[in-house]
Amino acid sequence: MVEGIPLLEVTILIPLLGVLLLAWIPEDDPEATRAATLALSLMTFLASLPLYFMYDVDAGGFQFARVYNWLSPIGAQFSLGVDGISVLLIVLTTFLVPISVLASWKGIDKRVKSFHAALLLMEATMIGVFAARDLLLFFLFFEVQLVPMFLFIGVWGGEDRVRAALKFFLYTAVGSLLMLAGIAYVYVKAGHTFDMVAISAALPGALSSTEQFWVCLAFLIAFGIKVPVFPVHTWLPHAHVQAPTAGSVILAAVMLKMGGYGFVRFCLPWFPDGLVEEAGGLFSLASLMTWLGVGGVVYGALMAIAQTDLKKLIAYSSISHLGLVVAALFAGFTNPNFVEGGHARAITGSVYQMVGHGLSTGALFFLVGCIYDRRHTKKIAELSGLAKPAPMLATCFVIAALASVALPGTAGFVGEILMLLGMFENNVGAAAVGATGMVLGAVYMLWAVQRVIFGPTEGANREVKDLEAVELWGLVPLLAAIFVLGLVPGPFLARMEPAITNLAALYGG
Amino acid sequence: MNTSMIPLLILVPFLGFLLNAFFGRRLGKSFVTCVGVSAPLIAFVMGAALFSNLREIDSRPVVQLDADIQRRVYDAYSGELARYELVTVHAHGHASQRQILRVDLPYESFVQDALAKNLITQAELDDAEHAEPSERVIVAAGEVAPAAFTFTLGNWFSVGGFEVNFAFLLDRISILLVLVITGIGSLIHIYSTGYMGDRSAGTFARFFTYLNLFIAAMLVLVLGKDLLLMFVGWEGVGMCSYLLIGFDYDDKANAACGTKAFVVNRIGDLGFVLGMLCLVVLGRQAALGELGDGVFSLDVDFLRTLVDHGGSAAAAGEHGHGGGAAGMIGVACLLLFVGATGKSAQIPLHIWLPDAMAGPTPVSALIHAATMVTAGIYMITRLSFLFIDAQVFGIPVLGIVAVIGATTAFCAGAAALAQDDIKRVLAYSTVSQLGYMFLGVGAAAFGASMFHLVTHAFFKALLFLGAGSVIHACHSQSMSKMGGLKDSMPWTFKTMFVGAFALAGFPLLSGFFSKDLILFQVLARSNVEGASWVWALLYGMGVFTAALTALYSMRLIRMTFYGSYRGSGHPHESPWVMTVPLQVLALGAVLASLLGWPKFFLPASLASWADMLPHSLHAVVAAGPTALMDHDYLVSLEVTGIVIGAVVAVGFCALGFAWLWSLPPSEIAWERPVGWMRRLRDFLFRAWMYDEIVNKRGAQPAVKQLSHWLWRWFDDATLDQGLVDGMGRVGVELSHMARATQTGRATSYLRMFALGAVVLPLLAILATPLFTLLTAWFAGGGTH
């Protein structure tokens, strides 16, 4: 009975049609626009739930798959399907969009309709990125979602929004160009097909290890910029600082994960030899990514400590957290005595942390937005003692901060402990460096809490109003999800397991 | 016994937390009081019920069986219900290691089952029950090893063979901690209703919300059977401690102290995590090798089998002599100990505890004296089988533990002597006493350390609550603003007097027996071969610190309660909700000694009371090298130790009296801000300047400077504005240059056209040969 319903297509179409629907709402009725967008995004969320619950764990592989004719002359098809990893990221996306609507309920009051149209377009394309089973289609979605985000930052952003938007766009465009070249090469070598399953079957045999090295490098740079990995991260702080709250939430929670998803989907399975090949006998791409990753953990944390802008601090904390996520994906290959189980655990933790980080950082950006709406500043020095006038806001902030430092019981802990464990099994040094994030994270996060939430309440901080119902409706599910994923990770992990076991087994022999 | 009471034990304070968190502010103080106080009380009653259940099972018969029956039983139940264990048996005053067979069945069901399965006949059973203990084999079915309850709530997560369960273990070690946490916790909750009584309803609710959450987290810590679950509690209590230290957050300093506590604890936790990772890797190797089922975890039982197999694997394994598994266990234990130094405030991570005094005083009593800070000692005791033989580069890890413990005990004891803030005296005293416990643990005297943990919980909670009562009355924490309070605060005075003497180790009070049991074990250890001079030195340090303890305890009583009042206002006794807990705790500080009276102190009729608590733990913790020493010699050492301890305590209490009582504080050289002692006192007042040099002038500015510098000059200037924007500028410049060619003048275009007309055909002609040449060159290179 379910087979009859094209669930994936519906999930993409609801927000897409929603963009058209918004056109019918009069421009002078922002409330109706918000309500309609909220309803549409909730419908999308509901539509995506069956994907998650009906995903057959025992069968594994791509499910809900459908193929439509698209550019048949060159072999590109409109082909969709999800596996245990992408279904999780899709639900994360559909879960966060309604929350983003609530997050911008008060903050956005100009061009309300265009804003929400862009948000819905972004949702459709983000789902598309995770659902595409065709490489060209993936690229299409990957590129199209840049546009609404570019507009988000450029139109609804802060004072320096245009520069930030441009930097974001150009950075990503450079990566995309390299990826396009890589896609073209893969397309030719894999026998003129964009079908990911077919390519997976054809590669890596179709490429020599040197070819793999270069194509893989192109993909690594493209997705590395997206994550972003140190040292190509400098667009992120600018983009976050300028972006409106919803933009930051989506950017941190979902869009950055596309980089990690790209690593998992393409780099790991397709270019195994390229990753371990030692360029000039010096280092392999895998060890490069591993050490850039754990280096980024320390570097991002140090940068976060130095920040005076609360939003920038959280942006740099993302770089630190995602450094570990990246390192965990590649650390396995740096061990000559590859431990397959450890590699699988590290990848599992990494994907889990993508979700966990999405939730905790999403919540933090949401809360910074709430603070900004009230105080019109994000400068840490101007904020102090918010706990007194706004206890609920303070409580939520402290919970989100503690989730961000991966306190046991939160989603971040499960992800982080699995990543560290898996890395430790294959590369003790990288795991040890990465683990210092535990301490450094506490330094910048709690220092920020100490200065912003605690301390004496003076001046305009006294007038800060506590969270309103609209904001609570967004925050409470977000924080609840952090604990659900932290305490009952079983079902989520079970869905990922087959995909990741296959991935790790590629190298087992 | 319904073991599901174990998670309920945790659930009760957790429910208290939820109720207070969501409804406390709205429903007011009486609701909060009711919920907040009843939660730990109910948990205490449940803990007591579980305790009596454990005791009841332990009192069931032990059966001696012949070796062949034993083997039959083992074969029948092997793997699941039956296993051989090495235990230390104390018989006829001698300790010896024996192998027992333990069957995890209640005695009655075992008998029924064994009879049904023909493992044993009724006649054999009757014989066995009357048999004398055989010297050669201890053969037991039922529960020779003490009873323990386990309960598994479910799976937390499992990835590729690595399993983490919500599994709880209630045995003799954890029940002890459960009773301390809920019992002393309840008293502190009651006290807090008075201490925090004048706060607003919201603040009052917040306080009890955190306090109940703390109790729940602490219970998770001690009941967690899986190390990772223990870590949940471990970090959970750290979080509560963080929130409670910065409870009065509108003072910047308090919030900073909370952050400091959390960060320093996190450094320890990093060690804890890395230690766990070592154990998991070891577990995986074993699970894929000799243990063979591919499932591995951080479950205490699994770790125990791991250690049992680890010895043989290391001897025969591919890693050579003593390396491999055994070496890994050593590293793991050292890293876990780093975790312990963080939570239990030992050198080098002790710096957070004195600052933790920023929290309300009941918090200091509960978290920073009685319970949380002892977690490190508990963890090592729980993992004693792991630590007992652990070595790093040939140095026993427990030796390192002992050295750190003794050093911390001494340094903190000296620092306590120079403090003016009454809470800081007690804070350094706590660090010092925890040092004693680590010294004991290091000497493999786990029972003695747990005994000291219990007695210390009583008298230190008492002293903190007493100090709270004094602070409540004087509105100051500075002892130089106190004095002469013994008449205006009679109950606070009397109870604190008892507490201070118990702390000083005055004969027959609880601190006397527990501290001297530790010191005696260290003394005994110095009589065992292997680095005996180190242990003798540690014993000396321990005795010297005992002298310091007596001195600073007397100083505290003197400065607070004697002489004339130096503060402002008219201090008066605290309300009964505060003094009654003090009285109960004072009673405990005296009576807790009954848990460990030495044998030679007791008449023969009461011999079963001797060393009750430490002995009860012998069967569940690993035995150290002193366990097999000659009994009479041990007794003589114990007598010597006790006598030395008594002489030191009495002597230095008397000295404290004589020195401090003779003059008003302003005229005692030690207390005055001038004179020859000033430098030494100042140095000790600043706790050996360690925090200032290492933290305030070392790590903190270093990290801040480094991050600031990196951000300003590397991230912003070099990477972003230099490289990235630079690339953009290069692009813009290039386009400017290219634009310069578009002059719009026909002559320049013609020149370009002419140039193109020559160059392009040339290129076209040369392209093919050039390409062939290049390919040939590459191909040639390839064939080499």
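Quick note on labels: first sequence line is chain A, next is B, and so on, each numbered from 1.
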**OP:** With a 4.5 angstrom heavy-atom cut-off, could you sort out which part of Ala448(A) is near chain B: side chain, backbone, both or neither?
**Re:** neither
Original post:
Taking Thr501(A), Leu407(A), Val488(A) one by one, which has the highest count of heavy-atom pairs under 4.5 Å against chain B?
Top reply: Leu407(A)
**OP:** Report the distance from atom NZ of Lys252(B) to atom CZ of Phe454(A), rounding to the nearest 0.5 Å.
**Re:** 14.5 Å
Subject >> Aromatic plane relationship, Tyr299(A) with Phe714(B) - under 30° parallel, 30 to 60° tilted, over 60° perpendicular >> reply: perpendicular
Original post:
At what distance, to the nearest 0.5 angstrom, does CH2 of Trp711(B) lie from CD of Gln307(A)?
Top reply: 5.0 Å
Subject >> Option in Ala256(B), Gly202(B), Gly246(B), Gly233(B) with maximal non-hydrogen atom pairs under 4.5 Å from chain A >> reply: Ala256(B)
Original post:
For Gly486(A), does its backbone N or O pair with a side-chain atom of Trp156(B) as donor and acceptor, under 3.5 Å?
Top reply: yes
Original post:
With only heavy atoms counted, which part of Arg284(B) is less than 4.5 Å from chain A, the side chain, the backbone, both or neither?
Top reply: side chain
Original post:
Looking at Gly238(B), Gly728(B), Cys278(B), which one has more heavy-atom pairs under 4.5 Å with chain A than the rest?
Top reply: Cys278(B)
Original post:
side chain to side chain contact (heavy atoms under 4.5 Å, CB included) between Phe262(B) and Met445(A): does it pass, once the steps are laid out?
Top reply: CA-CA 11 Å; Phe262(B) 196 94; Met445(A) 214 64 231; over 6 Å; no
Subject >> Heavy-atom contact with chain A under 4.5 Å, split by part of Arg25(B) >> reply: side chain
Original post:
Given a strict heavy-atom distance threshold of 4.5 Å, which part of Asp715(B) is in contact with chain A: side chain, backbone, both, or neither?
Top reply: both
Original post:
Pick from Gly422(A), Ala387(A), Ala344(A): which one has the most heavy-atom pairs with chain B under 4.5 Å?
Top reply: Ala387(A)
Original post:
What part of Ile500(A) gets closer than 4.5 Å to chain B, counting heavy atoms only: side chain, backbone, both or neither?
Top reply: neither
**OP:** Determine the option with the most heavy-atom pairs under 4.5 angstrom with chain B, choosing from Glu497(A), His233(A), Arg451(A).
**Re:** His233(A)
Subject >> Separation between CH2 of Trp447(A) and NZ of Lys260(B), rounded to the nearest 0.5 Å >> reply: 15.0 Å
Subject >> Gln705(B), CD: over 12 other non-hydrogen atoms inside 6.0 angstrom >> reply: no
Original post:
Could you give the distance from CE (Met438(A)) to CG (Asp269(B)), rounded to the nearest 0.5 Å?
Top reply: 5.0 Å
Subject >> Contact class of Ile305(A) relative to chain B, heavy atoms under 4.5 angstrom >> reply: both
Subject >> Atom pair CG/CE of Leu420(A) and Met276(B) - distance to nearest 0.5 Å >> reply: 10.0 Å
Subject >> Region of Ile267(B) that comes under 4.5 Å of a non-hydrogen atom in chain A >> reply: both
Original post:
Between Gly455(A), Ala306(A), Ala442(A), Pro391(A), which residue shows the highest count of heavy-atom pairs closer than 4.5 Å to chain B?
Top reply: Gly455(A)
Original post:
Is it the side chain or the backbone of Val398(A) that comes within 4.5 Å of chain B heavy atoms, both, or neither?
Top reply: side chain
Original post:
If you measure from OH on Tyr249(B) to CD on Gln450(A), what distance do you get to the nearest 0.5 Å?
Top reply: 14.5 Å
Original post:
Contact part of Tyr242(B) toward chain A, heavy-atom cut-off under 4.5 Å: side chain, backbone, both or neither?
Top reply: side chain
Subject >> Flag side-chain contact, heavy atom, 4.5 Å: Glu235(B) against Phe413(A) >> reply: no
**OP:** Using the side chain to side chain contact (heavy atoms under 4.5 Å, CB included) rule, take Phe157(B) and Leu418(A) through it: C-alpha gap first, then chi angles, then the decisive distance, then the call.
**Re:** CA-CA 10 Å; Phe157(B) 57 90; Leu418(A) 283 174; 3.9 Å; yes
**OP:** Would you sort out whether Ile417(A) and Val164(B) count as a side chain to side chain contact (heavy atoms under 4.5 Å, CB included), showing the intermediate values?
**Re:** CA-CA 11 Å; Ile417(A) 200 80; Val164(B) 189; over 6 Å; no
Original post:
Counting heavy-atom pairs under 4.5 Å to chain A, which of Val281(B), Val724(B), Leu274(B), Val280(B) comes out on top?
Top reply: Val724(B)
**OP:** Heavy-atom distances under 4.5 Å only: say whether Thr348(A) touches chain B with side chain, backbone, both or neither.
**Re:** side chain
Original post:
Non-hydrogen atoms of chain B under 4.5 Å away: do they reach the side chain of Val428(A), the backbone, both or neither?
Top reply: neither
Original post:
Using a cut-off of under 4.5 Å for heavy-atom pairs, which of Tyr316(A), Tyr171(A), Phe230(A), Trp235(A) has the most such pairs with chain B?
Top reply: Tyr316(A)
Original post:
Val159(B) versus chain A, heavy atoms under 4.5 Å apart: side chain, backbone, both or neither?
Top reply: both
**OP:** Report, by ascending residue number, the residues of residues 219-232 of chain B in heavy-atom contact with chain A at a distance under 4.5 Å; give 'none' if the set is empty.
**Re:** Leu228(B), Phe231(B), Val232(B)
Original post:
Are Val443(A) and Arg266(B) close enough, and set up right, to give a side chain to side chain contact (heavy atoms under 4.5 Å, CB included), and what steps lead you there?
Top reply: CA-CA 9 Å; Val443(A) 173; Arg266(B) 265 273 160 138; over 6 Å; no
**OP:** Select, from Asp725(B), Asp720(B), Leu719(B), the one with the greatest count of heavy-atom pairs under 4.5 Å involving chain A.
**Re:** Asp720(B)
Subject >> Contact origin within Leu493(A) toward chain B - heavy atom pairs under 4.5 Å >> reply: side chain
